[in-house]
Amino acid sequence: MTQIATVERVFHNGTAEISVPRKSACGHDCEECAGCGVSGTSVYATAQNPIHAQVGQKVIVESNSKKLLHIMFVVYILPFALFMLGYFCTDWIYSEGLRYLIAIAAFCIGILPAVFYDRRIKQTGGMQFTIVRLF
């Protein structure tokens, strides 16, 4: 996956701190909406800097798509799948409220791997970015 980022700081070990504008599904037509409160926020990360980009330059950064897909599975698909499984596998229970309670419990169990995975990623350094070229 590639994104446009801005180099904020350059380190001597061949890395740089970059800021990536936060994206969302709204399309950021903020003049029309201004309801999300996200405008102008950035995510900061450390990236490998093999092209020796300097502070203030706009760059193209690349990340490992396989790792990103794994994160999306753990965070989004697993809890939803467990919710559906918890609901549809309990069709023998005649109480609809109890079926929803089991489905919600299964959803919460599905969130636990995301929490543990997030903690592990923070300890191991998170996503790896590489600056591939100037923008």
Side-chain angles (χ1 to χ4, degrees):
M1 182 173 104
T2 60
Q3 295 176 315
I4 299 171
T6 304
V7 178
E8 298 294 329
R9 293 191 306 180
V10 177
F11 302 110
H12 295 291
N13 62 355
T15 62
E17 181 181 73
I18 57 170
S19 65
V20 181
R22 186 175 293 238
K23 302 283 185 193
S24 74
C26 72
H28 289 288
D29 191 9
C30 297
E31 294 81 25
E32 298 294 323
C33 175
C36 68
V38 175
S39 72
T41 60
S42 295
V43 176
Y44 293 89
T46 303
Q48 295 297 319
N49 189 7
I51 65 165
H52 306 292
Q54 299 301 312
V55 174
Q57 289 182 318
K58 296 273 188 196
V59 294
I60 305 292
V61 293
E62 194 173 77
S63 62
N64 185 349
S65 296
K66 182 179 179 183
K67 190 169 190 176
L68 184 63
L69 289 173
H70 187 258
I71 291 170
M72 288 179 3
F73 173 79
V74 170
V75 172
Y76 296 113
I77 297 172
L78 184 63
F80 177 73
L82 287 177
F83 176 85
M84 299 304 277
L85 195 64
Y87 181 77
F88 289 114
C89 287
T90 56
D91 60 350
W92 52 271
I93 296 176
Y94 295 109
S95 170
E96 195 69 22
L98 185 57
R99 288 181 71 190
Y100 277 116
L101 186 65
I102 292 170
I104 291 170
F107 177 82
C108 292
I109 290 170
I111 289 177
L112 291 176
V115 171
F116 292 127
Y117 191 66
D118 178 59
R119 289 181 182 166
R120 193 182 82 185
I121 283 180
K122 284 181 182 176
Q123 290 174 350
T124 60
M127 290 286 295
Q128 300 295 321
F129 294 98
T130 304
I131 299 172
V132 291
R133 62 182 171 92
L134 296 176
F135 179 66

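Numbers for residues simply follow the sequence, beginning at 1.
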Problem - From CA spacing to verdict: side chain to side chain contact (heavy atoms under 4.5 Å, CB included), Val59, Leu134 - result: CA-CA 4 Å; Val59 294; Leu134 296 176; 3.8 Å; yes
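Within 6.0 Å of the OH atom in Tyr94, the count of heavy atoms belonging to other residues, nucleotides or ligands does not exceed 12.
Summarising the hydrophobic clusters (Ile, Leu, Val, Met, Phe, Trp, Tyr; side-chain heavy atoms under 4.5 Å, direct or chained), the residues clustered with Ile4 are Ile60, Val132, Phe135.
Residues Phe129 and Leu69 share a hydrophobic cluster, clusters being chains of Ile/Leu/Val/Met/Phe/Trp/Tyr side chains in contact below 4.5 Å. Ile93 and Met84 end up in different hydrophobic clusters when Ile, Leu, Val, Met, Phe, Trp and Tyr side chains are linked at under 4.5 Å. Grouping the Ile, Leu, Val, Met, Phe, Trp and Tyr side chains by contacts below 4.5 angstrom, directly or via other members, places Val55 with Val20. A continuous path of hydrophobic side-chain contacts links Phe83 to Phe88 [ILVMFWY only; heavy atoms under 4.5 Å]. A single hydrophobic cluster is not seen to contain both Phe80 and Met72; linkage of ILVMFWY side chains at heavy-atom distances under 4.5 Å, directly or through other members, places them apart.
Shown here are the ring pair (Phe, Tyr, Trp, His ring centres under 6.0 Å) partners of Tyr76, two or more places apart in sequence or in another chain: there are none. By the side chain to side chain donor-acceptor pair (under 3.5 Å) test, Glu8 is found to be paired with Ser19, residues two or more places apart in sequence or in another chain being considered. Considering only residues two or more places apart in sequence or on other chains, Arg133 meets the salt bridge (charged side-chain N to carboxylate O under 4.0 Å, His left out) condition with none of them.
Shortest non-hydrogen contact noted between Leu78 and Val74 is CB-O, 3.8 Å. Here the shortest heavy-atom pairing between Ala53 and Asn49 reads N-OD1, 2.9 Å.
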Donor-acceptor pairs are to be reported for all side-chain atoms of residues 98-116 against protein atoms at under 3.5 Å, with residues two or more places apart or in another chain.
from: Arg99; atom 1: NE; to: Tyr87; atom 2: O; distance (Å): 3.3
from: Arg99; atom 1: NE; to: Thr90; atom 2: O; distance (Å): 3.2
from: Arg99; atom 1: NH2; to: Tyr87; atom 2: O; distance (Å): 2.8

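Contacts classified as side-chain hydrogen bond (donor to acceptor under 3.5 Å, both in side chains) and involving residues 51-60 (residues at least two apart or in different chains) are given here: Thr6-Lys58.
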